[in-house]
Amino acid sequence: MGVFQGEASKDKYVMQADELTGGSVERFLSKNKKFGKVFDTVTFHISPKSHKKLEKVVLVGLGSKDKLDVYSLRQTCGFIGKNLTKDTATVALYLPSGVKLSENADVVVTGLLIGMFDSGHHKTNGEELKSKVKVESITLVSGENVKPDVIQKGLIIADALNGAREVVNKPANIITPEYMVTFAKKMAIEGKLKIEVFSEKQVNDMGMGIMASVARGSEEDLYFVVMRYLGAGSKGPTLAIVGKGITFDSGGISIKPSESMEWMKMDMAGAAACFGAMEVIAKLKPKINVICACPLTENLPSGKATKPGDVVTGLSGKTVEVINTDAEGRLVLSDALTYVQKNFKPDYIVDLATLTGASLVALGNVATAAMGRPQDFVDQVIKAGEQTGERMWQLPLYDEYRDMLKSYIADIANISPGRGAGTETGAKFLEEFVDKKQKWVHLDIAPTAWEEGDKPYISKGATGYGVTTLVELADNLANKK
Ligand code: BES
Ligand code: ZN
Ligand code: ZN
């Protein structure tokens, strides 16, 4: 039972629970007036004499009523979900009317399932297989009239989001570019989406030499996946989503230090979020066209790999001096951005990428860095995030950051010489490949794609960040919100 801080004792459902526990609930609440903070819990056992089936009542804090927002609701439900997996079979979850379940049931359901999900285990003793949840059913109890399609939406989103988490968590020897293609193809077939998969040779032949330069060091082939959902006909609005899909980022010849390098299996989280969003969009069918374009490759050193100082040419005709092969995300994305603009003339573009460590330094594990233009569109994307509990914080795209990317030999360098503004210069590099009038937002999800510790509401690892924002944005744009 969810209880708001300081309001529990007035709730009639809580009073029913009080009866079942022989007055323990009321006694506890009157002694603990501050109970109800987010992540507060207390358990009361019910004797078989009071009720044949109900074994216990657990009160869970929802925080103070006026502070409840989608972000805290998603976390609280994640917390409930994560704890349910420990020993529970059948659950009834009661949320008081302040939660506005008729509007927020999707967030509740998604939050619960995010919390219950634990993925990617390869332990053979099965001990750690928490994903084998014992929960058989969850009944939502509410005084409100909740439409089944809101619940359904929550289930669809959670499914795709957890699916994305699964692939991001899995190691790079399993999740190769080719595996990602299989994942995308399966999804496209199920969702009746159009899909094109360009091989490394095709990418080269088409002139996407910046993208291809990243794959040169790897034994695995590069693939460029383009998926299309057509929900609005040829005159309707078109949103393009572009995801960074580096299945492993060693840094290439500019090799990373070995400490924490294993983490770089998550460098395809942008692509995974885009695929997850397409899976949802194919099911919820908003009235908008959505193009999803994801370059998929490894970034590895070898005798064939791109070297610092190499100059490569992209589909736009622009040349890039690759000063640092570890700044590879912007390289693959630049050609993907050119490709979607040339072929689909989208009204809007959003790219998602674990692009810079600097964004993690700036924002911690708390918010995504958002940059783009015009401001209206940046606001729209940030709002879509707010509506679904995914935080973003805008950083600037001042012209000075472009000056920092000057190359003496090519049109642009892929990094700036100094240590400052790493996230902004990354975005500025991408902006070079975005037409002047194109509405575009770049989301640097390096801070939010991964939870380093085991949080009370989500297990360690991939978060699936971006799926819900993209779905909400597509929906908002379709409804001109
Ligand atoms: N994939 C990394 C960025 C990253 C770092 C993501 C940490 C998640 C967590 C990216 O390709 C990279 O290596 N960026 C460099 C850019 C630098 C060479 C300008 C970085 O952030 O150090
Ligand atoms: Zn890198
Ligand atoms: Zn990377």
Side-chain angles (χ1 to χ4, degrees), residues 70-71 73-86 88 91 93 105-123 128-138 140 150-171 174-175 179-180 182-184 186-188 190-191 241 243 245 265-266 268-284 292 294 352 354 385 388-390 445 448-472:
V70 177
Y71 187 75
L73 185 60
R74 188 159 146 178
Q75 279 195 358
T76 305
C77 292
F79 172 69
I80 295 171
K82 201 166 176 213
N83 282 285
L84 287 183
T85 60
K86 290 182 183 148
T88 331
V91 188
L93 173 63
D106 53 344
V107 178
V108 169
V109 171
T110 305
L112 284 170
L113 292 170
I114 289 174
M116 286 164 73
F117 183 82
D118 197 358
S119 76
H121 288 294
H122 294 276
K123 296 204 188 217
E128 290 273 327
L129 283 173
K130 283 182 253 163
S131 50
K132 295 262 183 294
V133 167
K134 293 179 199 133
V135 177
E136 280 162 18
S137 74
I138 301 178
L140 288 181
V150 187
I151 307 260
Q152 192 60 26
K153 182 179 170 194
L155 291 170
I156 289 172
I157 290 176
D159 219 32
L161 195 149
N162 286 337
R165 289 171 70 194
E166 180 86 38
V167 288
V168 178
N169 279 342
K170 281 202 171 153
I174 297 174
I175 309 296
Y179 183 99
M180 288 289 282
T182 318
F183 179 76
K186 185 165 165 273
M187 213 187 78
E190 280 166 13
I241 58 179
K265 66 177 180 179
M266 59 73 98
M268 31 59 84
C274 289
F275 290 163
M278 290 306 275
E279 188 179 335
V280 177
I281 287 166
K283 288 181 182 157
L284 297 182
C292 166
C294 298
L352 273 91
T354 45
T388 67
E390 293 188 332
I445 58 169
T448 46
W450 190 266
E451 280 292 352
E452 199 31 54
D454 205 37
K455 288 270 166 66
Y457 48 88
I458 191 167
S459 57
K460 174 179 165 142
T463 61
Y465 185 101
V467 174
T468 58
T469 295
L470 291 174
V471 169
E472 194 76 12

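Values below: every heavy atom of this structure, side chains too, minus hydrogens, waters and symmetry copies.
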Q) Just by modelled atom types, is the Glu390 backbone N or O under 3.5 Å from a matching donor or acceptor in the Arg74 side chain? A) no
Q) Roughly how far apart are Thr469 OG1 and Ile241 CD1, rounded to 0.5 Å? A) 11.5 Å
Q. Are the side chain of Asn83 and the backbone N or O of Phe79 linked by a donor-acceptor pair below 3.5 Å?
A. yes
Q | Matching residue for Ile157 among Ile114, Val109, Thr110 - test: side-chain contact (heavy atoms from CB on, under 4.5 Å) | A | Thr110
(Q) Holding to side chain to side chain donor-acceptor pair (under 3.5 Å), I want the full list of residues that pass it with Thr448, two or more places apart in sequence or in another chain. (A) Thr368
Q.
Can a donor-acceptor pair be found, under 3.5 Å and without considering hydrogens, that links the side chain of Lys82 to the backbone of Lys455?
A. yes
Q: For Thr463 and Ala449, indicate whether the former's side chain and the latter's backbone hold a donor-acceptor pair under 3.5 Å.
A: yes
Q.
Assess the residue pair Glu279 and Val467 against the criterion (side-chain contact (heavy atoms from CB on, under 4.5 Å)); give the C-alpha distance rounded to whole Å, side-chain angles, the decisive distance to 0.1 Å, and a yes or no.
A. CA-CA 9 Å; Glu279 188 179 335; Val467 174; over 6 Å; no
Q) How many angstroms lie between CG in Leu352 and OH in Tyr465, if you round to the nearest 0.5 Å? A) 8.0 Å
Q: Would you indicate whether Tyr179, at its atom OH, is surrounded by more than 12 heavy atoms from other residues, nucleotides or ligands within a distance under 6.0 Å?
A: no
Q. Do Asp454 side-chain atoms and Lys460 backbone N/O form a donor-acceptor pair below 3.5 Å?
A. yes
Q. Counting distance only, does the side-chain N/O of Glu472 pair as donor-acceptor with the main-chain N or O of Thr388 below 3.5 Å?
A. no
Q.
If you compare all heavy atoms of Leu470 against all heavy atoms of Ala273, which two are closest, and at what distance to 0.1 Å?
A. CD1-O, 4.2 Å
(Q) Test side-chain contact (heavy atoms from CB on, under 4.5 Å) on Val168 and Met268; report intermediate values, then the result. (A) CA-CA 7 Å; Val168 178; Met268 31 59 84; 4.0 Å; yes
Q: Take Asn162 and Glu166, measure what side-chain contact (heavy atoms from CB on, under 4.5 Å) needs, and give me the verdict at the end.
A: CA-CA 6 Å; Asn162 286 337; Glu166 180 86 38; over 6 Å; no
Q: Dump the intermediate steps for side-chain contact (heavy atoms from CB on, under 4.5 Å) on Leu112 and Leu93, then the final yes or no.
A: CA-CA 10 Å; Leu112 284 170; Leu93 173 63; 4.0 Å; yes
Q. Measuring from Met266:CE to Asn169:CG, what's the distance to the nearest 0.5 Å?
A. 10.0 Å
Q.
Between Arg165 and Gly464 (side chain of the first, backbone of the second, donor and acceptor by atom type, cut-off under 3.5 Å), is there such a pair?
A. no
**Q.** Min side-chain heavy-atom separation Cys292-Phe275 under 4.5 Å
**A.** yes
Q.
What's the separation between atom CE in Met116 and atom CG in Leu84, rounded to the nearest 0.5 Å?
A. 6.0 Å
Q. With no hydrogens and no angle check, is any side-chain donor or acceptor of Lys283 less than 3.5 Å from a backbone partner on Gly191?
A. no
